[in-house]
Amino acid sequence: MTLAEGVQLVAFGILTAMMLGSALGVVLLSNIVYSAFLLGGVFISISGLYVLLNAGFVAAAQVLIYVGAVNVLILFGIMLVNKKEAFPEVPRAWIGRAATAIVCIGLFALLSTMVLGTSWTLSTEPAVGDGATVLIGIHLFSDFLLPFELASVLLLMALVGAIILARREYIPDEPSVDGPDALTLPERKRELVSASGADASDL
Amino acid sequence: MIQLEYFLLLAAALFCIGIYGLVTSRNVIRVLMSIELMLNAVNINLMAFSNYLDPATATGQVFAVFVITIAAAEAAVGLAIVLSIYRNRDTVDMEQFNLLKW
């Protein structure tokens, strides 16, 4: 990174404030749609932090995959299960929330003391900078080849599994051996939702 | 100069926010979002270590790419499970998903 140190520090401060504010909004806001959009803000701030860490390729991948795919997927999920419902109150729910907050703050304190108490042996080698893209490619096809191939198999499994889980599953009474729909997956009939949205709670 | 400790503290804070959201959320989709926050905190750690402790080989960046891949697969399968549960139980309230409660 060839920016001046002051610029780096100011950018780090802005990105930190954006990230922590958006993350608190994701967790604490009551409207789930606002949470999803703030999650996109968190991802973009993290991408900026990666740029500060001399990792342009991973920053671009972060924007493409998280903002472009995961966040859009979550927004579609919210749209598909968009049911306005008031959750019934659980008695003494504040005890659980307070206990969780105490545990989280304690964990943060523990991690902070560990981070600040350790003397890290910083490397003095120059960072590869933009050459990191080439290095990542070399790693992926030499010493990380097996994890790379396993990741592709895992993505295929996730693809098939997501389709199978999200389908309307249905076992027909007599399986059609031949005929026009012999090679199609049987699917339950769906009621069409009226355009006025009166029956929008039905998926 | 930005120190390594700043990034580690930032990642720790993000991870703790993610845990708080994971435990206290009532909405299933918010739980998924909290898991994404925690995965991103881990990624910040990996990238910070890669930049400050081992800048010449970029191994930490390869790990981060793998974590991003797994997180995308996890989000897809998680949302499919949420849709399936929503069809069966007609709610997104975590407190009512108690089929396996003894």
Side-chain angles (χ1 to χ4, degrees), chain A residues 5 8-9 12 16 19-20 23-24 26-27 32 35 39 42 46 49-50 52-55 58 61-62 65 69-70 73-74 77-78 80-81 83 85 87 90 97 100-101 104 107-108 111-112 115-116 120 122-123 125 127-128 132 135-136 139-140 144 147 151 154-155 158 161-162 165-166 203, chain B residues 1-2 4-10 12-14 16-17 19-21 23-27 29-30 32-34 36-37 40 43-44 47-48 50-59 61-62 64-66 68-73 75-77 79-84 86-87 91-93 95:
Chain A
E5 287 189 358
Q8 286 193 39
L9 206 57
F12 180 79
T16 302
M19 196 192 83
L20 290 182
L24 284 174
V26 168
V27 172
I32 188 83
S35 293
L39 188 69
V42 175
I46 290 174
L49 289 175
Y50 290 169
L52 282 180
L53 286 170
N54 302 309
V58 186
Q62 168 91 8
I65 296 177
V70 173
L73 198 65
I74 284 177
I78 290 171
L80 287 176
V81 299
K83 187 183 178 192
E85 62 174 329
F87 296 135
V90 176
R97 278 200 293 274
T100 313
C104 289
L107 180 65
F108 180 68
L111 288 172
S112 307
V115 164
L116 296 176
W120 305 99
L122 295 182
S123 167
E125 297 173 68
V128 285
L135 269 182
I136 290 172
H139 276 304
L140 282 184
F144 288 99
L154 180 101
L155 281 178
L165 278 174
L203 179 63
Chain B
M1 186 60 193
I2 309 174
L4 169 65
E5 284 86 357
Y6 296 172
F7 283 99
L8 297 185
L9 288 178
L10 187 62
L14 189 62
C16 292
I17 292 173
I19 288 184
Y20 180 80
V23 177
T24 59
S25 297
R26 298 287 296 275
N27 196 322
I29 302 205
R30 202 187 298 268
L32 281 179
M33 291 198 244
S34 304
E36 297 294 333
L37 287 184
N40 271 290
N43 264 348
I44 293 178
M47 302 288 284
S50 168
N51 187 42
Y52 284 98
L53 304 186
D54 182 27
T57 61
T59 315
Q61 300 189 21
V62 182
V65 169
F66 280 125
I68 288 175
T69 313
I70 308 297
V77 175
L79 276 170
I81 291 174
V82 167
L83 273 182
S84 186
Y86 177 72
R87 286 209 194 101
T91 180
V92 285
D93 186 3
E95 299 290 337

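Residue numbers start from 1 in every chain, and the chains themselves are labelled A, B, ... in the order their sequence lines are given, proteins ahead of strands. Worth knowing before you read on, the calculation uses all heavy atoms, side chains too, and leaves out hydrogens, waters and symmetry mates.
Between chain B and the residues A:Leu111, A:Ile46, A:Val42, the most heavy-atom pairs under 4.5 angstrom are made by A:Ile46. Chosen from B:Asn27, B:Val77, B:Thr69, the residue pairing most often with chain A at heavy-atom distances under 4.5 Å is B:Asn27. Contact count versus chain A (heavy atoms, under 4.5 Å) is highest, among B:Ala13, B:Cys16, B:Ala56, for B:Cys16. Options A:Ser123, A:Ser35, A:Ala158 differ in how many heavy-atom pairs under 4.5 Å they form with chain B, and the most are formed by A:Ser123. Chain A forms the most heavy-atom pairs under 4.5 Å with one residue out of B:Val65, B:Ile44, B:Leu9, and that residue is B:Ile44.
Environment of OH in B:Tyr6: sparse, with no more than 12 heavy atoms of neighbouring residues, nucleotides or ligands closer than 6.0 Å.
When atom types are taken as modelled, the side chain of B:Asn51 and the backbone of B:Met47 share no donor-acceptor pair closer than 3.5 angstrom. No side-chain donor-acceptor contact under 3.5 Å links B:Arg30 to the backbone of B:Thr24.
Heavy-atom distances place the side chain of B:Leu4, and not its backbone, under 4.5 Å from chain A. Contacts between B:Ser50 and chain A at a heavy-atom distance below 4.5 Å are absent for every atom of the residue. Residue A:Leu39 touches chain B through its side chain alone, counting heavy-atom pairs closer than 4.5 Å.
Scanning for ring-ring contact (aromatic ring centres under 6.0 Å, His included) contacts around B:Tyr20 gives an empty result, with sequence neighbours left out.
The shortest side-chain heavy-atom distance between B:Arg26 and A:Val90 falls under the 4.5 Å cut-off.
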